[in-house]
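Data block below; observations after.
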Amino acid sequence: MHQPAALSTCPSCEEPLEAGDLFCGACGYDLSAIPTPPSDRPTLAINGLPPGPAPAPAEWPVASEVDSSDVPAPTHRSADLPGTDSRGGDLEASGQGSPGQVSAEPRVSAEPDEYPLPAPAAAQPAAEGAPPAVGVAEPTPTPPTGTKLCVACRAGHVAPDGYCENCGHAQPRERDHMEQELQAVAAVSDRGLRHHRNEDAFAISSATLPDGSPAVIAIVCDGVSSATRPDEASMAASRAADASLQDALPRGTHPQQAMHDAIIAAAEAVNSLAAEPDSAREHSPHQNAPACTLVGAVVAAGLLVIGWVGDSRAYWIPVDRTGPTARLTEDDSWAAQMVAAGLMNEAEAYADERAHAITGWLGADAYELEPHTASFKPDRPGVVVVCTDGLWNYAEAAEDMARAVPADAALRPLHSAQVLVGHALDGGGHDNVTVAIVPFPAPPQGAGSA
């Protein structure tokens, strides 16, 4: 893999740069003062402090296939810091529990409540021509098996064209809102309030390590809207990364190496979408290569491994809120590069209209593929929030995200994911929003959330 230049575009005129350039070929900007980034991103300390002496990494079987990038990053422990619950108040100790516990509260369903119709007052049929009895509802005939009811009127049947035959309401497409819960990991994705389709995708799964212990996987991808078929790119990437991890972890591959390989597999899956028939160019000459971002988390054997490309993020939220929250990823974005290069402070960079322009993504037209991975060894239970910018735009700082996450997130991950999606929609829902909640440590096999 080629090492990237300090910047992919000129900070002054945004013209593309070549590797080794000392001056911009368009405007002559001096690039020699910009430090060259390290070959890999450093592991971020969960306590938010610069990485220091770390405890010995957890022992792990050597992978059957390794390469020069198979270097486990140092692990870190979090420190104590007062915290608050999702309403901003002090967190009570009595309200906490470990991820392995099962809550007695009823499970929250994403489907609308359905109330039965009142039973008829009498079994005898009404006399011919007589008005129906007051308060007696006509029985609703049972629709044929497989019939889809309208989400708006809950009475009309949905025609093949996607509209209700009763009220005419357009029905949501399958990807407009998706939810999945698997043991103690859950994810929710929603189209949002402004986009005409959902270009996000996710994959959650579990695997069994060679020693029989569980590993939990969460992958979240955000399609690049300016690219062609971004919804296909995000779906292909999430599925490929998940499949790669499910194959590698049971073989004993170190989770950080497995995450690195999964990102490469996802990139290859997205690259394959760039091939298209010649006729497609004739009808749509301005098409470009499909592209997406990716962020993933693996919880296994006391380790937390994060991998990412782009500006989708992962946050650490301790269960007891006595330790600090932290953002575990570093954006591949224009603003992040300006801050890293010392050209702007954070306030100046994020105030610029170019702040959220991504500089790294998966796709055939990416400048280079630079998978970022980091490993952690938290000293207390917590949850990992894996999300697209459709959520973190409304809770950017780690402290803001912690306030939005319910206090019982480790016990009710699906409910918590629903709450966070609602937080983004209440804030305006300007983008697709996808979030996965991954409790740490991984619960024993067979344990689930209530």
Side-chain angles (χ1 to χ4, degrees), residues 173-180 187-204 217-242 259 262-263 265-267 269-271 273 288-297 306-315 327-336 355-366 369-372 384-396 401 417 420-421 423-425 427-438:
R173 289 162 290 190
E174 180 182 0
R175 287 185 64 175
D176 283 356
H177 186 88
M178 301 179 292
E179 297 187 0
Q180 186 180 0
V188 177
S189 181
D190 193 90
R191 183 185 68 182
L193 305 179
R194 304 296 180 90
H195 281 234
H196 71 284
R197 65 180 175 184
N198 189 0
E199 297 168 356
D200 289 356
F202 67 81
I204 58 174
I217 302 165
I219 302 293
V220 169
C221 297
D222 184 356
V224 178
S225 296
S226 59
T228 300
R229 295 177 288 153
D231 53 333
E232 296 181 28
S234 62
M235 184 64 72
S238 62
R239 289 176 175 176
D242 180 67
M259 179 64 77
I263 295 175
V270 178
N271 290 349
L273 298 177
N288 52 9
C292 69
T293 68
L294 180 148
V295 61
I306 304 295
W308 74 97
V309 173
D311 64 348
S312 294
R313 294 181 176 181
Y315 292 83
R327 174 157 61 94
L328 306 180
T329 55
E330 182 181 348
D331 295 345
D332 288 321
S333 68
W334 183 90
H356 292 282
I358 60 173
T359 57
W361 61 88
L362 305 181
D365 61 351
L369 176 60
E370 185 186 358
H372 312 306
V384 185
V385 179
V386 186
C387 64
T388 61
D389 61 346
L391 171 61
W392 67 252
N393 276 331
Y394 300 99
E396 186 167 352
M401 185 64 71
L420 290 176
V421 169
H423 177 79
L425 298 181
H430 287 76
D431 199 356
N432 307 144
V433 52
T434 301
V435 57
I437 300 294
V438 188

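Heavy-atom basis, side chains included; hydrogens, waters and symmetry copies ignored. Given the structure is predicted, the values throughout are model-derived calculations rather than measurements. All residue numbers in this chain count up from 1 along the given sequence.
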Check: For the atom pair CG (Asp231) and CZ (Arg229), what is the distance rounded to the nearest 0.5 Å?
Finding: 9.0 Å
Next item on the list: Test Cys292 against Val270 for side chain to side chain contact (heavy atoms under 4.5 Å, CB included), laying out the working first.
Entry: CA-CA 8 Å; Cys292 69; Val270 178; 4.0 Å; yes
Notebook entry, point to check: Hey, is the main chain of Gly429 close enough, under 3.5 Å, to the side chain of Tyr394 for a donor-acceptor pair?
Noted result: yes
Check: Considering the options Asp200, Asp222, Asp431, which one meets the side chain to side chain donor-acceptor pair (under 3.5 Å) requirement together with Thr388?
Finding: Asp200
Checklist line | Test applied, side-chain contact (heavy atoms from CB on, under 4.5 Å); reference residue, His372; option that passes from Val295, Ile263, Asp332, Thr329 | finding: Asp332
Next item on the list: Output the distance between atom SG (Cys387) and atom CD1 (Ile437), rounded to the nearest 0.5 Å.
Entry: 8.5 Å
Check: If every non-hydrogen atom of Ile219 is compared with every non-hydrogen atom of Gly296, which pair is closest and at what distance?
Finding: CD1-CA, 3.8 Å
Note to self: For Val421 and Val435: C-alpha separation, side-chain torsions, deciding distance, then whether side chain to side chain contact (heavy atoms under 4.5 Å, CB included) applies.
What the structure shows: CA-CA 7 Å; Val421 169; Val435 57; 3.7 Å; yes
Next item on the list: Could you check Thr293 against Asp389 for side chain to side chain contact (heavy atoms under 4.5 Å, CB included), going step by step and ending with a plain yes or no?
Entry: CA-CA 10 Å; Thr293 68; Asp389 61 346; over 6 Å; no
Next item on the list: May I ask you to decide if Arg175's main-chain N or O and Asn198's side chain share a donor-acceptor pair within less than 3.5 Å?
Entry: yes
Margin query: Could you check whether Thr228 and Asn288, counting side-chain N and O atoms only, form a donor-acceptor pair closer than 3.5 Å?
Written below: yes
Item checked: Minimum-distance pair of heavy atoms, taken over all atoms of His195 and Ser225 -> CE1-OG, 3.9 Å
Next item on the list: Check whether any side-chain N or O of Asn432 sits under 3.5 Å from a backbone N or O of Glu199 as a donor-acceptor pair, and report yes or no.
Entry: yes
Check: Which heavy atom of Tyr315 sits nearest a heavy atom of Ala395, and at what distance?
Finding: OH-O, 3.7 Å
Notebook entry, point to check: About how many Å separate OG1 of Thr359 and CD of Glu370, when rounded to the nearest 0.5 Å?
Noted result: 8.5 Å
Next item on the list: Determine the minimum heavy-atom distance between Val385 and Met401, stating which atoms define it.
Entry: CG1-SD, 4.1 Å
Next item on the list: Could you give me the CA-CA distance, side-chain angles and deciding distance for Leu391 and Arg313, then say whether side chain to side chain contact (heavy atoms under 4.5 Å, CB included) is met?
Entry: CA-CA 10 Å; Leu391 171 61; Arg313 294 181 176 181; over 6 Å; no
Margin query: Tell me if a side-chain donor or acceptor on Asn271 pairs with a main-chain N or O of Ala364 at a distance below 3.5 Å.
Written below: yes
Next item on the list: Check Asp311 against Trp392 and note the closest heavy-atom contact, atom names and distance.
Entry: O-NE1, 2.9 Å
Check: Just wondering, more than 12 heavy atoms not from Arg239 lying within 6.0 Å of its CZ?
Finding: no
Item checked: Nearest non-hydrogen partners of Ala266 and Ala240, listed with the distance -> CA-CB, 3.9 Å
